[in-house]
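For reference, the structure is listed below as structure tokens.
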Amino acid sequence: MRTILPCVMTLMLISAATAAAQPVWEYENGPCGGTFRWIVPHDGGLVAAPYFRSYVLLGNAEGDSWRQVDLPDPAAQPFSLYSAGGRLLAGGFGRVYRTDDDGATWRETAIPELQSAQITRLTGSGDTVYACGGTLLLRSIDRGVRWDTVGTGPCRDVLMTGGGHVAVAEDQRILESTDGGETWFSREGSPAGIEKLHVGAGTIWAARPVSIQQPAAAALFRLNGGAADWDAVSLTEPFVTSMTERDGILYAGSDVAPGPQLLRSYDGGMQWQPMDLTQPPFPRPQAISALHAVAGGILAGVTHLGIWQFGENAPRWRYVTDGFFPVGVARVGFIGSRVIAYSMKENFVAYHDARDDPWQLLPYAEETRPGDMLVRDGRVMLGSASGVRSTSDFGLQWEFGAVGDGSRSVQALGAVGQRFIAGAEEGIAAWSDDGGVNWSVTSAAGVRTWYTFAEAPTGTVFASTAPIGLLSSGDGGESWSHVPLATMDGAIFDAVWWGGLLYVASSRGIAAWSPSAGATPPVYSHPAYRLCATPHGLVAATQDDGIILFPDFGPQWGTLNQGLPEAHFATPDVCRIAFAFAGGRLYFGNCGMPGLWSIALAGAVGVRTAPAPGAAEIAAVFPLPLSSHGTIVLRTREGAACRLVLYDMLGRRVRTLHDGAAAHPALRLAFDASALPPGLYRLEMDGGGRHDTKIISVIR
């Protein structure tokens, strides 16, 4: 019973002392982006629909001053938009949502025939509205209240213009009506394989994808006014997903690679010229998901990067949806006061100087998604599909270093001293001594995935991998050996050096390892994916308990979830989680959920605060980790009674180190650990009405 009570009392004291001081996560004005499929006029302004989100944005006629308008429930995602007479329609999964008061109230109409398929197009004229979804064509004559199926066969897209003209793209033809859908006909030579219909310059345009097998096939057709037939246009690439017109100039956008993805035409669409999307502010050639003309220029939905505006003669693009659609963050780093964030899902790197400053894109030339980001010594490094790109001037100039023959993607980046290390597919490892320009290659047989690298004070570097588990290298990554961890073997997701031990995280929990003693029993027994060593303790992202803290005096983990949306920490995807610590704050990102968050760890659960004057505390233990003999310093009132006991991590008393009056306010005790088995131990001190605890490690 005596061995259990100290543990119980410790937890009670920690809970009582820290419950009121529990810190709260704060949203960090995270980088914004997202994909917008539709931008349409609405009641003198504009409305935009982000892809796979349960809201729309309402803005003024210039595309500024956006505000978020939520749909009725989280499942109500707007895949298409239509506005007429002040009524806004949004097509979702087998439903059409309508509002007459800009989203203050919504009504919905379920369409059973669609069987929950996406309504990908809403189009109309006056009170007549057409809907296309799940290969079906539907029509409403009361602005979206009731819907009837129009038996025209499989529908890929529908477009209705003024005068009752309706065009429907089917598998093998374009079907048309000139009386609002009462009668239908197909023109001679109607193009097949059409996926999208557009209108511009008084002309109906039909677009189809160009396959690799048919590189010379026409991708764009037009029906000019009352022409008898559809004409093929000289555009052979790419697939036109959006189109708009301004001042007699046609603009076409595509979100399909390869090929130019923003084009313009000065002759009504017969000849098209690609526009340059490789210059700042964009990191790489960008896909265009939506276009709309306003008085100030063209609004472009840049895939994954939100809505931007550009003018015909303006050299710069302007971001107009800042503050909306925050993206998930997969990696975080710091250069001075600047926070660097990498979004793996949206595929861009951004930075900002202060929490309230807008984020800026950091341009880079790579078109494929980087596997990792490392920020070190003022340099940003990205692991690419063929090597490593690095910049020390925030993207103005990039250096590239190929890893091997450039055929394997770099999955993880790390550093030991001034040397950079990279792990690539199929067990390829590499190191660079010149800032990432030239890489020497070695191998680690059996490694399928590299996760992270951890540097020990001794200069040894550790790699967390799958399926082999933990690897180590004592020569800066030039050769690797397996580190057996018994029950922790298999996929190791992360490893960090903290408190004189290497902590590893895996689907089996968190364990500590020392070069002499090997692995301890797991200090946490549920799946854990990311670790971060801080001056306040070890932080972990877990599957079951969210974000937890193992304070520097332990032994109990405490949760750090307060203020953080639940979905952010209940995640099983290790590659999507980011931790970083700077300026007393812990930063957290999850690429699968939006936002960058931070928390001040001072006052966190289990973190020790300064004792009251005259109260007892374990002031210091050195050296750590202990291998034989060490010194413990206790601080208390001279002559005050105090007791110091050493326990193992199972709560069993090992020995009493002091029990009596303190001969000095800074009492120094010699500690002989030479007979102790290697592992973690807990020092507990009672004196002066105060209880203090500290975790120490013993190695051989």
Side-chain angles (χ1 to χ4, degrees), residues 31-51 53 55-69 78-83 88 90 102 121-123 196 198-201 205 207 240-256 260-265 269 272-277 279-283 285-327 346 348 358-361:
C32 302
T35 298
F36 289 78
R37 296 291 188 189
W38 294 98
I39 307 171
V40 301
H42 170 66
D43 201 21
L46 296 172
V47 59
Y51 199 49
R53 290 294 188 271
Y55 59 86
V56 297
L57 299 183
L58 296 181
N60 60 25
E62 288 298 305
D64 293 318
S65 303
W66 298 96
R67 64 183 178 91
Q68 180 175 319
V69 176
F79 298 107
S80 52
L81 293 173
Y82 175 71
S83 175
L88 175 64
D102 287 348
R121 183 65 172 258
L122 291 169
T123 182
K196 292 288 292 183
H198 310 281
V199 63
W205 301 85
V240 175
T241 54
S242 56
M243 185 177 289
T244 193
E245 177 189 11
R246 182 174 181 270
D247 296 336
I249 303 172
L250 278 173
Y251 296 86
S254 173
D255 62 0
V256 179
Q261 294 175 300
L262 182 59
L263 306 100
R264 61 187 166 195
S265 173
W272 293 86
Q273 303 172 358
M275 298 178 64
D276 189 7
L277 278 180
Q279 300 300 316
F282 299 122
Q286 293 299 320
I288 302 297
S289 55
L291 289 172
H292 185 79
V294 297
I298 303 297
L299 297 180
V302 182
T303 302
H304 304 310
L305 297 181
I307 300 176
W308 297 69
Q309 185 181 107
F310 68 93
E312 173 64 19
N313 298 316
R316 293 185 177 181
W317 291 67
R318 184 169 64 95
Y319 188 42
V320 297
T321 49
D322 187 27
F324 294 100
F325 210 152
V327 301
E346 284 74 18
F348 66 83
W359 288 80
Q360 305 291 327
L361 294 181

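What's counted below: heavy atoms across the whole structure, side chains too, no hydrogens, waters or symmetry copies. For reference, positions follow the sequence shown, starting with 1.
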ask   = Does Ile249 offer a backbone N or O that forms a donor-acceptor pair with the side chain of Asp247 under 3.5 Å?
value = no

key: Separation of Asp64 CG from Gln309 CD (nearest 0.5 Å)   = 6.5 Å

message = With heavy-atom distances below 4.5 Å as the criterion, would you say the side chains of Gln68 and Leu57 are in contact?
response = yes

ask   = Among Tyr319, Trp308, Phe348, which residue meets the ring pair (Phe, Tyr, Trp, His ring centres under 6.0 Å) test with Phe282?
value = Trp308

request  = Evaluate side-chain contact (heavy atoms from CB on, under 4.5 Å) for Val240 paired with Trp272, printing each intermediate quantity in order.
outcome  = CA-CA 12 Å; Val240 175; Trp272 293 86; over 6 Å; no

inquiry  = Looking at every non-hydrogen atom in both residues, tell me the closest pair between Thr35 and Phe325 and how far apart they are.
reply    = N-CE1, 3.6 Å

message = How close do Leu250 and Trp205 get, counting heavy atoms only, and between which atoms?
response = CD1-CZ2, 3.7 Å

request  = Might you point out which heavy atoms bring Ala90 and Leu81 nearest each other, and give the distance in Å?
outcome  = CB-CD2, 4.0 Å

request  = Could you note down all residue pairs passing salt bridge (Lys or Arg N to Asp or Glu O under 4.0 Å) where residues 285-303 supplies at least one of them, sequence neighbours left out?
outcome  = none

query = Does any non-hydrogen side-chain atom of Leu361 lie less than 4.5 Å from one of Trp317?
reply = no

Flag side-chain contact, heavy atom, 4.5 Å: Arg67 against Ser65 = no

Least distance between heavy atoms, Phe324 atom then Trp66 atom = CZ-O, 3.0 Å

Return all side-chain donor-acceptor pairs below 3.5 angstrom for residues 290-302, not counting sequence neighbours, or 'none' if the list is empty.
none

Show me, pair by pair, the donor-acceptor contacts under 3.5 angstrom made by side chains of residues 36-51, not counting sequence neighbours?
residue : atom : partner : partner atom : Å
Arg37   : NH1  : Asp255  : OD2          : 2.5
Trp38   : NE1  : Phe79   : O            : 2.9
His42   : ND1  : Ser83   : OG           : 2.7
His42   : NE2  : Asp102  : OD1          : 2.8

query = Closest approach of Glu245 and Ala201, non-hydrogen atoms and distance?
reply = OE1-N, 2.8 Å

query = Less than 4.5 Å apart, any side-chain heavy atom of Arg121 and any of Lys196?
reply = yes

key: Nearest non-hydrogen partners of Pro78 and Val56, listed with the distance   = CG-CG1, 3.8 Å

query = Is Cys32 close to Thr321 at the side-chain level, that is, under 4.5 Å between some pair of heavy atoms?
reply = no

